[in-house]
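What follows is a single structure, written as structure tokens, with notes after it.
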Amino acid sequence: MTISDSSSGAGTEAQDSAPQNAAPDGASTGDSTPANTGSRGTRRLGVAALLATAALLLFGLVLSPPEASQAEAVRLFYLHLPSVAVAYLGFFITMVASIIYLRKGSLFWDLVAGSAAEIGVVFSAFMLISGSLWGRPTWGVYWVWDPRLTSTTVMVVMYIGYLAVRRLELPPEVRSRRAAVLGIVSFLNVIVVRYSVKWWRGVHQGETVGLDTQMDGLQLFSFFVGLVAFMLIFAWMLIHRFRISWLRHEIDEQALAQALAERRAETNATGLLGRKN
Amino acid sequence: MAGKDLRIEFTSRVVTAQILPFGFLILIMFGLAIPPELLVVGDARRSVLEEVAPALFWLAVLLSALMALGRAFAVEAHDGNLDALRMAGIDPAGVFLGKALAVTAELVMVEIVLGLGAFVVFDAPLANPVMLAVTIVLATAGVTLAGTLYAALAAGQRARDTLVPLLVLPVLAPVLLGATLATRDALFDEPGVAGWSWTMLLAVFALLYVGVGTLAFGPLLEET
């Protein structure tokens, strides 16, 4: 835009009309794709997520009673387990979207897969942190070589690798196709790693992390509130992340179109010069 | 395909001249880093080094495998070789299996030499040679099949060197587990370690990746 503005002052040649023509085009796509990623729907969703989070704070910190064996530490559970559920949901969405992408080849599903994986990694990082903070008071250590912990950590590293592949400097279609293959195979790996690690520890000891703690109705309900809150946050983040990726794609396309127009103008100019000489 | 890669290796000698010494170097570094104290394990007394020898051996193999895998795709990186292979009418599954077979052959050779080295420097016993041989073949097949798939995912751009380990190592966690435990059983013949069931896991893993790799290589080679 600024380029066309500055050049229009000095614009005497016909090639200046090319960027200027591109500018209204950009403005019209700017109407269909908004300048920010919010919309009425996501604002409502955001408000709902905030309300659910407030409810989670109320139920998790105030209303629900401390647990018999874990005392106050049980409250971390209302954050930890919902983040686990949401992280797995994100990776599952990535797999499904990757399958659809390989079948249809549409940009939409590629971006959905990438967005879901990114948010999944964020929530699984949160899951690991909240889990180790929870482990310290309940087991006395931050970390145990438990099957669930070990396999989950391996899974997180795998999806960090997936995100790294999405950032490779490759032709977009090639990169998307590779990411889609990886998105499917990674989910398969999660299952393989899960069972092999479980078997590995099963030889020596049972699972150390058991969720056999008895929860009363209010605790269960608080967990449920947490699940709803995290699901809403996840949906809100996914929509926004998707829209950001989409806008970035549009910007890249526009930059490409503009660069093409400029090159074309350049060759026109040199062509004219050549003719004059 | 496998023959072609092995002929390239035969003439260039990268595996024998670089990867093999690298693997052996890792074994020596482990030996330096780990204290030589004696442990009491059950009725037996072993050095720490001997106790962890299976793990060290397989870690050295995995690191060597990363280098061999990088090499397998580096030879195709120039002049659009992968496109040429596709245009020559070679089935993507054939490219995948051929690459994996060639790396497997190279790696088994590395492992035999490394294994002999490990026996010498770590002073390990060998209770069950058959189990060890089966473990080596199956684990290597798993490493190269999964590794070939992931090396192809990262092939052909600048980030490859750093990206392949990040992608491959977490995926190979089950192989490291299975191979280490089966090798433990093969060396020490301890009660309570079911070596053969771990070789089963290795076989399942390898078969799984034969399937996944042949399916996935088509979309991967397309227009790369």
Side-chain angles (χ1 to χ4, degrees), chain A residues 95 98-99 101-105 110 121 124 145 147 149-205, chain B residues 82-83 92 142 146 149-160 162-182 184-185 190-195 197-198 200-202 204-209 211-213 215-224:
Chain A
M95 180 194 65
S98 298
I99 293 173
Y101 174 77
L102 279 187
R103 296 206 167 245
K104 288 190 177 173
D110 177 47
V121 167
S124 44
W145 286 101
L149 266 73
T150 313
S151 58
T152 313
T153 310
V154 171
M155 172 185 82
V156 175
V157 179
M158 255 188 250
Y159 278 94
I160 291 174
Y162 170 83
L163 293 181
V165 166
R166 293 196 68 92
R167 289 171 161 271
L168 286 177
E169 287 175 40
L170 284 172
E173 294 81 31
V174 175
R175 183 176 53 206
S176 302
R177 209 173 310 110
R178 288 186 183 191
V181 169
L182 193 55
I184 299 166
V185 179
S186 296
F187 202 78
L188 198 71
N189 276 319
V190 170
I191 300 166
V192 175
V193 171
R194 180 79 187 84
Y195 278 92
S196 64
V197 176
K198 189 173 181 173
W199 198 14
W200 159 61
R201 274 307 170 188
V203 172
H204 299 287
Q205 64 191 75
Chain B
L82 284 176
D83 287 337
L149 176 61
Y150 280 82
L153 278 166
Q157 66 280 311
R158 277 169 260 163
R160 188 192 59 237
T162 43
L163 191 54
V164 171
L166 175 62
L167 292 179
V168 172
L169 287 180
V171 176
L172 292 182
V175 178
L176 180 64
L177 271 182
T180 306
L181 287 170
R184 263 193 88 81
D185 194 26
E190 280 172 347
V193 182
S197 49
W198 285 107
M200 288 273 289
L201 172 79
L202 294 173
V204 169
F205 186 91
L207 279 177
L208 182 73
Y209 269 90
V212 172
L215 281 178
F217 240 59
L220 279 185
L221 284 189
E222 231 171 83
E223 290 170 56
T224 34

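Heavy-atom basis, side chains included; hydrogens, waters and symmetry copies ignored. Please read all numbers here as calculations on a predicted model, not as lab measurements. Each chain gets a letter, A, B and so on, in the order its sequence line appears, and its residues count up from 1.
- Contact between A/Gly161 and B/Leu163 at its shortest, heavy atoms only, is O-CD1, 4.5 Å.
- The minimum heavy-atom distance between B/Tyr150 and A/Leu182, with the atom names listed, is CE2-CD1, 3.1 Å.
- Residues A/Asn189 and B/Tyr209 approach most closely at OD1-OH, 2.6 Å, considering heavy atoms.
- Among all heavy-atom pairs drawn from B/Pro170 and A/Val157, the shortest one is CG-CG1, 4.0 Å.
- Taking CG from B/Leu215 and CD1 from A/Ile184, the interatomic distance works out to 10.0 Å, rounded to the nearest 0.5 Å.
- The distance from the CG atom of B/Leu153 to the CZ atom of A/Arg175 is 14.0 Å, given to the nearest 0.5 Å.
- Here the closest non-hydrogen pair linking B/Ala173 and A/Val154 is CB-CG1, 4.4 Å.
- With a threshold of 4.5 angstrom between heavy atoms, B/Leu169 does not approach chain A through any atom at all.
- Interface residue A/Leu188: only side-chain heavy atoms are found under 4.5 Å from chain B.
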